Number of protein chains: 2
Amino acid sequence: MRRETTTAGGVKTPTAVGAARKDQILQIAAELFSRRGYHATSMRDLAEGAGLLPGSLYAHFTGKEEILYQIVLDAARQFLGGMEALRAQRASPEEKFRRAMRAHVAVVAHDLEGARVFLHEWKALGGSRLTEIRDLRRRYEELWDEIIRHVAPSDSKLARLLALSAANWTYVWYDPNGPLGPEEIADRFSDLLLDGLRTSVKGKVSVERRVRS
Amino acid sequence: MRRETTTAGGVKTPTAVGAARKDQILQIAAELFSRRGYHATSMRDLAEGAGLLPGSLYAHFTGKEEILYQIVLDAARQFLGGMEALRAQRASPEEKFRRAMRAHVAVVAHDLEGARVFLHEWKALGGSRLTEIRDLRRRYEELWDEIIRHVAPSDSKLARLLALSAANWTYVWYDPNGPLGPEEIADRFSDLLLDGLRTSVKGKVSVERRVRS
DNA sequence: GCACCAACCAAACGATCGTTTGTTTGGTAG
DNA sequence: CTACCAAACAAACGATCGTTTGGTTGGTGC
C-alpha cells in the first residue's frame with residue numbers, strides 16, 4: 001500500500017521522489033512489454049533494466065500485473081482524453097473526424113510504447129482491471145462512433161470499424177524516425193478515408209484545415 | 001524426428017493417422033494461443049486440451065515453438081496463396097483490389113484462430129523461423145502494394161497501409177456469429193475505401209461485381 | 001543525535017515452466 | 001505367434017517464474 005507524505009510539506013517530498021522513480025520503471029516496463037510482450041518479460045528483466053534487484057520492485061508496485069495496469073490505464077486515458085476534449089468543440093463533422101484522427105495518431109506518436117502495450121497486451125490483465133480497461137476501450141469506440149455517424153450516416157458501423165482500423169494499426173508500423181510525422185499521417189489518412197482511394201490523384205483536396213474554428 | 005511410412009503402402013498408414021492427431025493438436029493449440037496468447041499457454045494446457053499427458057506432445061512436435069511455427073506458417077500460406085493466385089488473373093485494378101480484400105477476409109473468417117495467431121503471436125518465434133515468417137509477411141505486403149499502386153498511384157504507400165490496416169484489423173473484431181458474412185464485410189470495405197466515407201450515402205455504388213471476368 | 005522511513009539489497013520460497021527419460025500399450029505386418 | 005513401432009503414460013529433471021522475508025542504508029525532521 002502506498003502512503004501519503006508524512007511531513008507537513010516540503011519542496012521535494014519523498015513521495016514525489018518515489019513517483020519519479022516509479023515513472024522511470026513504468027517507462028522501462030512499457031518498452032520491454034511492447035517489444036517482447038508482457039508474459040515474455042520477467043520481473044528480473046524489469047529489475048535489470050531499472051538497475052535494481054527483482055525484489056526491490058515491490059517497494060513501488062504490488063505486483064507485475066499492476067505495472068501493466070498502470071501503463072495500460074495511462075495510455076487509455078490519453079486516447080480517451082483527446083476524444084472527450086473533442087466533444088465540447090464546435091466544428092463540422094468532417095473537421096471533427098480530422099481532429100479525432102490527429103488526436104489518435106498523436107498519442108501513438110507521443111507514447112508509442114504505451115500505446116502498443118495498451119492495444120496489444122491489455123488482455124493479459126485479469127479480474128476487475130480487465131473489465132475496467134474493456135469499458136474504457138468500449139467508451140473510446142463509442143466516441144468514434146458518434147463522430148463517424150455524422151460523416152457516413154448510411155454505413156456508420158463498418159465506417160467506424162474502417163476508421164478505427166486505420167487508426168489502431170498505426171501502432172504496428174509507425175516509426176518515429178520515419179519520413180512522415182504524426183500530423184501528416186493523420187491528415188492523409190483523413191483525406192483517403194473521406195474521399196476514397198480513387199480520388200486521391202489530385203493530391204490534397206480538402207486541406208483547408210484551420211485548427212481554430 | 002518424424003519418419004515416413006515404413007510399410008510399402010496401405011489404406012491408412014500410421015503416418016496418416018498420426019497426421020490427423022497432429023492436426024487436431026494444432027487446432028487446439030491455435031484456439032488456446034489465440035485466446036490466451038502463446039506465452040500464457042503452457043504445454044500442460046495443450047496436453048489437457050488434447051486429452052493426453054504433457055510429455056506425449058513430444059511424440060508429434062519437437063517443442064512448443066514448433067507448434068506455434070506450424071500454425072503461423074499455415075496461416076501465412078493461406079494469406080499468401082490468395083494473393084499469389086490473384087497475380088495470374090486478368091482484371092481491372094479495382095476488381096483486383098476487391099478480390100484481394102475478399103481473399104483476405106475469407107482467410108480470417110475461415111481460419112480465425114490461425115489468423116489471430118499469425119497476426120498477433122508471430123513475434124514469439126525466434127531465430128530462422130522468425131526471419132522466415134517475417135519474409136512471408138513482407139512478401140504479402142508487397143503483393144498488396146502492387147495492387148494498390150494501380151488503384152491509388154499518387155499516395156500508394158499510405159493507401160496500402162490504409163487498406164492493409166482495414167484488412168488486418170478484422171481479426172480483432174470479426175465474429176463468426178455476427179450478422180455480416182466475410183463477403184459482405186470485404187465488399188463494403190472495398191466500397192468505402194474506393195469511394196470514401198462521404199459518398200457512401202448512395203448505398204452501393206460500384207457493386208457490379210462479376211467474379212468471372 | 002535520535003527516531004523514522006522509503007528504498008534498496010541479499011537470499012530464498014513454492015510453483016510452474018519446457019523438456020527428458022524409461023516404460024507400457026495397442027495395433028499391424030510377416 | 002512373434003517382432004516391431006508409433007503413441008502414449010508415469011515420473012522426474014533443472015531452470016525460471018513471481019513473490020516474500022529480513023536486514024541494510026541514506027537522507028530527513030525534530
Side-chain angles (χ1 to χ4, degrees), chain A residues 1-26 28-29 32-33 36-69 121 124-127 129, chain B residues 1-26 28-29 32-33 36-69 121 124-127 129:
Chain A
M1 62 194 86
R2 214 164 154 74
R3 75 182 64 182
E4 298 302 316
T5 309
T6 52
T7 62
V11 183
K12 283 193 176 182
T13 68
T15 308
V17 172
R21 190 78 160 118
K22 206 172 176 178
D23 288 343
Q24 179 203 346
I25 297 174
L26 284 176
I28 293 167
L32 290 179
F33 286 170
R36 313 181 193 175
Y38 173 72
H39 288 293
T41 305
S42 69
M43 293 294 274
R44 285 165 179 83
D45 293 331
L46 300 182
E48 188 182 0
L52 37 80
L53 294 186
S56 304
L57 291 171
Y58 292 82
H60 303 277
F61 306 94
T62 65
K64 188 185 179 186
E65 198 192 282
E66 199 208 309
I67 299 179
L68 173 63
Y69 172 70
E121 307 285 341
L125 293 170
R129 283 169 177 155
Chain B
M1 62 196 85
R2 212 164 155 72
R3 75 184 65 184
E4 297 303 314
T5 310
T6 54
T7 63
V11 183
K12 280 193 177 182
T13 68
T15 308
V17 173
R21 190 79 160 116
K22 208 171 175 179
D23 289 343
Q24 177 204 346
I25 297 174
L26 284 176
I28 293 166
L32 290 179
F33 286 169
R36 313 181 194 174
Y38 173 73
H39 288 292
T41 305
S42 69
M43 292 295 274
R44 286 165 178 83
D45 293 331
L46 300 182
E48 188 183 0
L52 37 78
L53 293 185
S56 305
L57 292 171
Y58 292 83
H60 303 276
F61 306 94
T62 65
K64 186 186 180 185
E65 198 192 282
E66 199 208 309
I67 299 179
L68 173 64
Y69 172 69
E121 307 286 340
L125 292 171
R129 284 168 176 157

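Given the structure is predicted, the values throughout are model-derived calculations rather than measurements.
- Arg36(B) has its CZ atom 10 Å from the P atom of dC17(C), to the nearest Å.
- Spacing between atom CG of Leu57(B) and atom C1' of dA7(D) amounts to 12 Å, rounded to whole angstrom units.
- Within 4.0 Å (heavy atoms only), Leu53(B) reaches at least one base atom of the nucleic acid.
- Nucleotide dC17(D) holds its P atom 11 Å from the CD atom of Glu48(A), rounded to whole Å.
- In this structure, the side chain to side chain contact (heavy atoms under 4.5 Å, CB included) partners of Leu26(A), at least two apart in sequence or on a different chain, are Asp23(A), Phe61(A), Ile67(A), Gln70(A), Ile71(A).
- Residues Leu46(B) and Ile25(B) are not in side-chain contact: their nearest non-hydrogen atoms beyond the backbone lie 4.5 Å or more apart.
- With sequence neighbours left out, the side-chain hydrogen bond (donor to acceptor under 3.5 Å, both in side chains) criterion links Arg36(B) to Asp45(B).
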When you compare the protein's N or O atoms with those of nucleotides 18-20 of chain D, which come within less than 3.5 Å of each other, and at what distance?
residue : atom : partner  : partner atom : Å
dG18(D) : OP1  : Thr41(A) : O            : 3.4
dG18(D) : OP1  : Lys64(A) : NZ           : 2.6
dG18(D) : OP2  : Met43(A) : N            : 2.9
dG18(D) : N7   : Arg44(A) : NH1          : 2.9
dG18(D) : O6   : Arg44(A) : NH2          : 2.9
dT19(D) : OP2  : Tyr58(A) : OH           : 2.7
dT19(D) : OP2  : Lys64(A) : N            : 2.8
dT19(D) : O5'  : Tyr58(A) : OH           : 3.1

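- In this structure, His60(B) reaches the dA8(D) phosphate: one of its side-chain N or O atoms is under 4.0 Å from OP1 or OP2.
- To the nearest 0.5 Å, atoms NZ (Lys64(A)) and CE (Met43(A)) are separated by 8.0 Å.
- Distance, Phe61(A) CZ to dA7(C) P: 11 Å, rounded to whole Å.
- At whole-Å resolution of the value, CG in Leu52(A) and P in dA10(C) are 12 Å apart.
- Every residue meeting the salt bridge (charged side-chain N to carboxylate O under 4.0 Å, His left out) condition with Glu65(B), not counting sequence neighbours, appears here in chain and number order: Arg129(B).
- Residues Leu52(A) and Arg21(A) have side chains in contact (heavy-atom distance under 4.5 Å, counting atoms from C-beta outward).
- Taking side-chain N and O atoms only, Arg21(A) has no distance below 4.0 Å to OP1 or OP2 of dA6(C).
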